[in-house]
Amino acid sequence: MKVQKFGGTSVGSAQRMKEVSNLILDGQPKIVVLSAMSGTTNTLVEISDYLYKRNADAANETINKLAQKYAGVIDELYDKPETKQLIADFLQERFDYIRSFTKNLFTLFEEKIVLAQGELLSTTMFTHYLLEKGASAALLPALEFMRVDKNGEPDTEYIKENLATLLAAHEGVNLFITQGFICLNAYGEVDNLQRGGSDYTASLIGAAIKAEEIQIWTDIDGMHNNDPRIVDKTSPVSHLHFEEAAELAYFGAKILHPTCILPAKLANIPVRLLNTMQPTAFGTMISNKTEKGKIKAVAAKDNITAIKIKSGRMLLAYGFLRKIFEIFESYQTPIDMIATSEVGVSLTIDNNKHLQDIIDELKKFGTVTVDTEMVIICVVGDLEWENVGFESAVVSAMKDIPVRMISYGGSNYNISMLVKATDKHRAMQALSDYLFNK
Ligand code: ADP
Ligand code: ASP
Ligand code: MG
């Protein structure tokens with residue numbers, strides 16, 4: 001069985017949903033994971049912001065606009081008056097439900113319910129389109145099998161068991177549609193896998209059913225060798241190792257959610273990135289195969305803060321790094337990059353929520369300096385230390401750009417450099433020009 005995930009743009013209009021149906025109706029058994037139609041989750045976030053601020057008028061106005069947009073899809077998507085009526089009633093009921101939140105207390109709990117509506121809408125609409133076309137398909141409610149534990153980590157045993165039970169209840173059906181992104185938490189409340197998390201849903205399902213392949217269908221022909229939103233002349237990378245893809249996703253390649261690779265890697269299930277608008281393009285194949293001696297791609301992670309702790313006592317003081325790390329641990333702030341010298345240590349974080357507290361505690365160990373508005377630029381490929389010439393190529397590409405930190409050797413797949421946010425664009429372009437387009 002395959003898992004095929006279609007993102008927001010891929011199901012963003014009636015026309016797109018019809019195209020997706022043509023792609024999936026090939027008789028092969030599969031679970032299809034859908035995101036919300038593009039723009040919907042952003043609008044639901046906007047509605048939630050109004051609800052938090054108790055601005056019921058603005059919330060209602062935004063809800064009405066969204067409802068109108070959805071009503072417009074019905075006419076184009078369905079042929080039969082019965083289906084049109086059925087979906088119109090369904091939409092009415094869902095939007096009335098969202099409106100009901102304007103009357104009561106609005107907390108994080110209600111927000112999660114509001115954010116879940118996008119995927120509930122898209123999957124119900126799409127499944128009824130398939131049924132109207134005469135396909136045999138079943139909707140699997142993600143809230144009946146997708147669950148995270150108390151730490152927000154996927155509850156893999158629960159997912160596996162409940163998904164198996166649901167699949168077994170549909171004998172004779174081999175096409176299943178389900179919601180990406182949404183899940184229950186350990187307390188049985190509606191929750192989600194973070195923005196962009198439908199990719200994660202797909203890989204968790206893939207691992208749970210031991211799928212032969214997980215396909216992520218989006219609006220571009222695979223992972224490009226640099227961010228196409230920022231850099232000119234990028235091109236698709238045909239093969240990536242799981243580790244390379246995970247590094248790129250973690251360091252900002254938006255095409256993949258950062259957590260999506262791990263379940264696939266652990267279960268050794270290949271992940272294909274494919275383009276809904278150009279289905280015959282090869283895209284990117286992510287597997288456990290390494291292409292020797294190749295630099296594959298560049299990605300960038302924004303909103304990074306660099307912290308330097310300088311201390312004359314560092315070198316001889318064993319336990320120094322542990323004490324430093326414990327401070328970050330106690331504020332639940334993960335560290336991304338780290339560089340050490342005889343007199344100090346520099347590290348980076350991407351979450352400034354507890355920055356001031358962390359700085360105050362670090363000051364006990366030395367002089368602390370902080371640089372905000374930095375960016376990590378990450379170069380990914382076969383960067384095993386015994387390969388020669390790759391680090392020098394990366395550094396040569398960056399010859400005109402001030403680099404605050406470099407980290408190499410943490411894995412065999414990455415060199416990371418920290419630059420000012422204002423240098424991000426030219427650093428990424430310089431790397432593309434030097435490494436890929438010379
Ligand atoms: P979906 O809605 O299908 O999940 P996303 O918008 O999350 O799609 O991801 C696809 C987008 O990721 C592309 O349109 C592209 O602009 C962006 N992107 C950023 N970096 C890369 C990259 N290295 N390769 C391909 N796409 C990238
Ligand atoms: N709809 C959700 C979002 O926009 C999840 C996803 O698209 O992956 O973040
Ligand atoms: Mg996405």
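Computed from a predicted structure; not experimentally measured. Numbering of ligands and ligand atoms starts at 1, following listing order.
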Handout entry: Atoms of ligand 1 close to Ile220 [distance to a heavy atom under 4.0 angstrom, numbered from 1]
Key = 13 (C), 25 (C), 26 (N)

Exercise for the section: Under 4.0 Å from a heavy atom of Gly222: give me the atoms of ligand 1 that qualify, with their elements. Expected result: 24 (N), 25 (C)

Is it true that a side-chain atom of [X] and a backbone atom of [Y] form a donor plus acceptor pair closer than 3.5 Å?
| X | Y | result |
| --- | --- | --- |
| Glu110 | Thr107 | yes |
| Asn151 | Glu153 | no |
| Glu132 | Lys80 | yes |
| Asn414 | Glu247 | no |
| Asn387 | Asp382 | yes |

Handout entry: Lys/Arg-Asp/Glu bridge criterion (N-O < 4.0 Å) met for Glu76, Lys18
Key = no

Exercise for the section: Consider every N or O of Asp199 and every N or O of ligand 1, then say whether any pair is closer than 3.5 Å. Expected result: no

Exercise for the section: Using distance alone, decide if ligand 1 has a nitrogen or oxygen within less than 3.5 Å of any nitrogen or oxygen in Ser10. Expected result: no

Looking at ligand 1, does [X] have a heavy atom less than 4.0 Å from it?
| X | answer |
| --- | --- |
| Leu273 | no |
| Ser198 | no |
| His257 | no |

For [atom], find the nearest protein heavy atom and state the residue, atom name and distance (0.1 Å precision).
| atom | result |
| --- | --- |
| atom 2 (O) of ligand 1 | Gly8 N, 3.3 Å |
| atom 9 (O) of ligand 1 | Ile255 CA, 3.5 Å |
| atom 21 (C) of ligand 1 | Pro228 CD, 3.4 Å |
| atom 7 (O) of ligand 2 | Ser35 OG, 3.1 Å |
| atom 4 (O) of ligand 1 | Lys5 NZ, 3.1 Å |
| atom 6 (C) of ligand 2 | Ser198 OG, 3.3 Å |

Considering only heavy atoms, which of [options] lies nearest to [atom]?
| atom | options | value |
| --- | --- | --- |
| atom 6 (O) of ligand 1 | His224, Met223, Lys254 | Lys254 |
| atom 1 (P) of ligand 1 | Thr234, Thr218, Asp221, Thr276 | Thr218 |
| atom 20 (N) of ligand 1 | Asn225, Val237, Asp227 | Asp227 |

Completion exercise
Atoms of ligand 2 under 4.0 Å from any heavy atom of Thr41, numbered from 1 in the order shown, are 1 (N), 2 (C), 3 (C), 4 (O)

Handout entry: Where ligand 2 meets Gly197 - atom numbers and elements under 4.0 angstrom, heavy-atom basis
Key = 5 (C), 8 (O)

Exercise for the section: Using the six-membered ring wherever Trp is involved, compare the ring planes of Phe282 and His239 and label them parallel, tilted or perpendicular (cut-offs 30° and 60°). Expected result: tilted

Problem - Whether Tyr200 and His257 hold their rings parallel, tilted or perpendicular, with breakpoints at 30° and 60° - result: parallel

Below 3.5 angstrom, do we get any N/O pair linking [X] and ligand 2?
| X | value |
| --- | --- |
| Glu119 | yes |
| Gly196 | yes |
| Arg195 | yes |

State the [atom1]-[atom2] distance between [X] and [Y], to the nearest 0.5 angstrom.
| X | Y | atom1 | atom2 | result |
| --- | --- | --- | --- | --- |
| Asp357 | Thr333 | CG | OG1 | 9.0 Å |
| Glu243 | Tyr413 | CD | OH | 5.5 Å |
| Ser10 | Met37 | OG | CE | 11.5 Å |

Practice task
Starting from the C-alpha separation in whole Å, work towards a yes-or-no answer on side-chain contact (heavy atoms from CB on, under 4.5 Å) for Leu51 and Thr102.
Solution key: CA-CA 6 Å; Leu51 292 173; Thr102 56; 3.5 Å; yes

Exercise for the section: Measure Arg195 to ligand 1 on non-hydrogen atoms and call it side chain, backbone, both or neither using the 4.0 Å cut-off. Expected result: neither

Exercise for the section: Check each heavy atom of Asp219 against ligand 1 and say whether those closer than 4.0 Å belong to the side chain, the backbone, both or neither. Expected result: side chain

Exercise for the section: Flag this pair as yes if the NZ/CZ of Lys438 is under 6.0 angstrom from the six-membered ring centre of Tyr434 and inside a 45 degree cone about the axis; otherwise no. Expected result: yes

Exercise for the section: Validate the cation-pi geometry between Lys353 and Tyr331: distance from NZ or CZ to the six-membered ring centre under 6.0 Å, angle to the ring axis within 45°. Expected result: no

Handout entry: Contact with ligand 2 for Gly8, non-hydrogen, under 4.0 angstrom
Key = no

